[in-house]
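Index from 1, following the sequence.
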Amino acid sequence: MKKLGILVFFVCVTFGYSQKKITELEKNNSSLVEVLITTGISSATSTFSDNSYAADGSFIELSSTYYFSKIGLGISLGGFSNPTEGNLRNFANEVSYPVKFNSEKWKTSYYSIGPNYKTTFGSLETTIFGRAGIMLVKPISLEGNFTSENVDVSTTIPVYNYNTNETSNIGFYNAGIRLGYKLHPNWGLYATANYLSAFSDGITAIDGRKQFIDINKDGVINEVDIIRQDGTQIEFKYTEKNIQPQVFNYGFGVSYNFGKKLTTSNKNKKQSSRENSNPYFVSNELKDKMIAKNSGSVVFTNPSKKDKKQQKIIGVLPKNNSVFKNSSEIKNFTWKVIGTKILNPQYIIEVTKIGNNQKSQRIYIEKTSSTSLNTLQIFKDHQLSDGQYRWKVTETSTGNSSAPMFFTFSNCEIDFTISNEEIECLGYEGENRKFKICFDSTYSSTSGDLTYTNPSSGLSVFDQTYSPLSYTLVSPNPTLLTQIGASTTTISYCFEVTVSASVTSIGFGLQGDDLDPSPILCQPGVSVNFDELPNCICEECEEMDLSFDNFNISLNGTNGNQFNFNGDINVSVPIYGIEFQIQSYSYSANPSACSKGVSTVEESGMFLMPGTTINGSTSLQLINETASGSLSSNNNATKNVKYTSNSILTGAIPVNLTIGLPGPISGFDPSCCEIEYTVCIKVKVFYEESNCKSCVFTHCFTFNNQ
């Protein structure tokens with residue numbers, strides 16, 4: 001009972017701690033299927049051993065679990081074996097005459113089914129599980145014989161008999177805990193402890209003993225007494241013993257996970273990012289456009305809840321990391337739209353020649369209304385130099401954009417690919433998110449080996465603006481390794497990167513050394529982009545709601561290019577902070593010539609200070625507009641504004657957001673220049689005092705300047 005109490009206590013503590021500390025990593029690190037093989041010590045309880053002589057033995061188990069989320073359904077096949085000679089020897093020591101035993105092992109096999117609950121802390125995993133099923137206990141026969149060596153002829157007399165007659169099928173249950181460590185995204189080691197018990201004492205054993213008389217009256221039954229009574233003539237006296245198999249199993253094992261379900265993979269995305277060629281544009285994650293007029297109540301979209309209305313643009317050709325001799329081999333750029341149909345689409349295709357660290361060397365841009373574009377239309381008569389290029393397509397009315405794809409012009413024979421790329425969120429470091437990205441690098445080339453002059457810098461990592469991000473290479477390889485070109489080789493890499501809230505996508509690329517000393521560029525390079533990052537949210541977000549009540553959109557005084565968004569933010573749970581981010585904006589003027597569009601940074605969809613207030617406060621955290629390098633940059637113009645409170649916030653939170661947008665030409669009467677706007681805003685609410693846990697909501701407002 002002491003062992004059982006310790007196990008129950010440990011399970012309860014682990015479960016409680018996991019509920020407090022669980023993060024979105026739970027979802028991103030879980031696999032669909034987990035297979036485990038375990039072996040170790042099977043320790044019989046006193047209830048089992050007292051009636052059956054079972055001692056400590058061994059067990060082995062094969063199990064598999066299908067996970068729906070943190071909860072999974074598992075099946076187990078296993079067996080345990082408990083020897084009897086140790087406890088029988090104790091029985092022999094209790095009598096004063098020599099007894100020799102023929103012992104056997106209790107052999108039990110079982111199959112069962114039941115739930116699993118898994119929680120993850122970085123590379124550590126804790127699993128609590130329960131099972132119920134059927135165990136098959138093989139029959140056992142134990143014999144004890146007295147042998148006398150003090151007579152002319154050796155005499156053997158049976159004095160003890162213990163047996164069960166048939167294989168027993170009885171129901172059982174077990175419960176336990178596993179503590180695991182991830183060696184690799186698919187492989188892990190773990191330690192386990194569990195308690196296994198039959199539901200009843202359904203096994204009947206016959207216990208037969210001979211009762212001898214103390215003939216010489218010396219107070220003990222000894223050899224003399226047995227021989228004088230002719231022990232072979234003494235009959236056995238039988239009693240029945242009811243046995244309930246109960247054991248504690250402790251051991252170690254290996255786990256294999258496959259079928260990633262909740263980890264965001266570059267090959268199977270739920271939705272795509274939204275990008276725009278406008279340098280002041282912030283990506284838009286919205287699925288659809290929700291119309292809002294100048295008053296009323298708006299419910300913000302919760303991206304953590306499933307949304308069936310998805311719309312995304314997917315690049316088709318040229319395929320990612322394709323290699324061509326020249327531009328004539330490409331022929332066409334093609335893409336497709338999935339989800340909600342776009343009415344009268346207008347696409348902009350951008351092809352960028354890139355150098356080291358994703359720096360742009362030249363950009364080619366062309367517009368089209370179809371989903372295909374001939375290379376002659378975009379490159380015209382330009383001679384394209386060897387090197388790496390990236391391309392993407394943006395639909396201007398929605399701001400939706402395809403994920404960047406890459407191709408290379410080279411006269412070298414190179415086969416270089418990245419595959420099996422996966423990203424998972426490791427949680428928060430302060431307000432920043434930490435991600436782990438793993439991938440396989442496969443290389444072969446008749447031109448030479450893949451080498452890196454500096455193995456620590458041959459990998460580049462960048463955000464959605466192609467600005468470099470700091471990273472750390474981690475196991476299985478802390479540095480980049482040489483790959484021989486004469487044969488196809490594959491090396492697995494993982495790196496960790498910590499990013500701020502403004503980072504909406506992460507790309508990375510490998511750039512090897514030049515294989516040709518001549519002016520011809522022969523430099524192996526591949527790149528991949530995660531245009532959607534896993535949300536580092538807990539399950540709390542799935543049940544959370546946010547609304548913007550009694551809001552009003554109005555012109556800010558006589559400024560035709562500034563608007564006030566006024567209203568009350570209501571969150572269904574208490575919070576400690578709130579952050580607003582401009583995701584995207586679009587506009588159309590009638591007549592079109594009455595607006596010059598963006599003439600200053602402040603008109604490019606920016607929150608403007610000091611007019612913006614949250615909860616009546618102007619003491620807000622800003623991500624200042626300095627990145628553009630524009631002479632008109634204003635540190636009071638920002639895409640992100642955040643308010644934090646030292647005390648809990650409940651009920652209606654008053655908000656006034658002053659947003660700068662393109663307006664009519666200076667001096668032009670707004671009544672003669674009607675402009676339709678769509679502004680998409682992301683709201684992040686922080687529901688812990690440490691501001692480490694947050695939920696995200698999104699909404700698009702459509703309005704005009706009349």
Side-chain angles (χ1 to χ4, degrees), residues 265-267 315-334 351-362 364 375-376 379 382-391 403-422 437-462 471 473 476-495 507-529:
S265 171
N266 206 45
K267 295 183 178 180
V316 178
L317 294 174
K319 293 182 179 179
N320 197 41
N321 291 319
S322 299
V323 179
F324 303 98
K325 300 292 185 183
N326 51 61
S327 59
S328 62
E329 291 186 357
I330 301 180
K331 300 188 183 304
N332 294 293
F333 289 91
T334 59
V351 181
T352 305
K353 171 71 182 298
I354 57 177
N356 294 332
N357 295 323
Q358 298 294 315
K359 292 182 179 178
S360 300
Q361 296 180 345
R362 183 163 186 175
Y364 302 88
T375 54
L376 294 177
F379 296 138
H382 294 290
Q383 296 296 319
L384 302 181
S385 58
D386 288 350
Q388 193 175 31
Y389 294 76
R390 68 169 174 261
W391 71 280
M405 298 178 69
F406 301 83
F407 62 90
T408 301
F409 290 136
S410 174
N411 289 307
C412 301
E413 295 296 331
I414 296 173
D415 187 1
F416 192 15
T417 59
I418 285 177
S419 60
N420 300 324
E421 59 273 19
E422 292 182 344
I437 295 175
C438 295
F439 62 94
D440 291 337
S441 167
T442 301
Y443 177 81
S444 66
S445 173
T446 58
S447 300
D449 300 339
L450 174 61
T451 59
Y452 303 94
T453 301
N454 187 347
S456 63
S457 62
L459 172 68
S460 61
V461 183
F462 47 90
Y471 66 89
L473 276 167
N477 292 299
T479 60
L480 300 180
L481 305 179
T482 296
Q483 292 183 248
I484 305 302
S487 60
T488 301
T489 59
T490 299
I491 296 178
S492 297
Y493 294 105
C494 291
F495 65 88
F508 65 94
L510 291 173
Q511 192 72 65
D513 298 328
D514 196 341
L515 305 182
D516 193 330
S518 71
I520 297 176
L521 183 64
C522 187
Q523 190 173 16
V526 285
S527 299
V528 172
N529 192 79

Evaluation steps, side chain to side chain contact (heavy atoms under 4.5 Å, CB included), between Y452 and L481: CA-CA 8 Å; Y452 303 94; L481 305 179; over 6 Å; no
Full working for side chain to side chain contact (heavy atoms under 4.5 Å, CB included) between L480 and I491: CA-CA 9 Å; L480 300 180; I491 296 178; over 6 Å; no
Test side chain to side chain contact (heavy atoms under 4.5 Å, CB included) applied to V526 and F406, step by step: CA-CA 7 Å; V526 285; F406 301 83; over 6 Å; no
Residue pair D415, T488: steps toward the side chain to side chain contact (heavy atoms under 4.5 Å, CB included) verdict: CA-CA 9 Å; D415 187 1; T488 301; 5.8 Å; no
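Legend: residues meeting side chain to side chain donor-acceptor pair (under 3.5 Å) with T489, ordered by chain and number and at least two apart, are Q483. Residues satisfying the side-chain contact (heavy atoms from CB on, under 4.5 Å) test with T334, not counting sequence neighbours, are V316, L317, N332, S372. For the side-chain contact (heavy atoms from CB on, under 4.5 Å) test, residues two or more places apart in sequence or in another chain that qualify with D440 are S419, N420, T490, S492. Applying the ring pair (Phe, Tyr, Trp, His ring centres under 6.0 Å) criterion to F416, with sequence neighbours excluded, gives Y443. With sequence neighbours left out, the side chain to side chain donor-acceptor pair (under 3.5 Å) criterion links D513 to T451, T453.
Listed here is the closest heavy atom pair of G512 and L450: CA-CD1, 3.8 Å. Here the shortest heavy-atom pairing between I414 and S445 reads CG1-OG, 3.7 Å. Summarising the geometry of S487 relative to S444, their closest heavy-atom pair is O-CB, 4.0 Å, with the distance given to 0.1 Å. The heavy-atom pair separating N529 from P404 by the smallest distance is ND2-CD, 3.4 Å.
Taking 4.5 Å as the limit, some side-chain heavy atom of Q523 sits within range of a side-chain heavy atom of Q511. Here the side chains of Y471 and L459 are in contact, with some heavy-atom distance below 4.5 Å. Between Y493 and F508, the closest side-chain pair of non-hydrogen atoms is not below 4.5 Å. Within the 4.5 Å cutoff, no side-chain heavy atoms of T352 are placed close to those of Y364.
Classified by interplanar angle (parallel below 30°, tilted 30° to 60°, perpendicular above 60°), the ring pair F495/F439 is perpendicular.
S441 OG to I418 CD1: the interatomic distance, rounded to the nearest 0.5 Å, is 6.5 Å. Remark: S527 OG to R390 CZ distance equals 9.0 Å, nearest 0.5 Å. Considering CZ of F333 and CH2 of W391, their distance stands at 7.0 Å, rounded to 0.5 Å.
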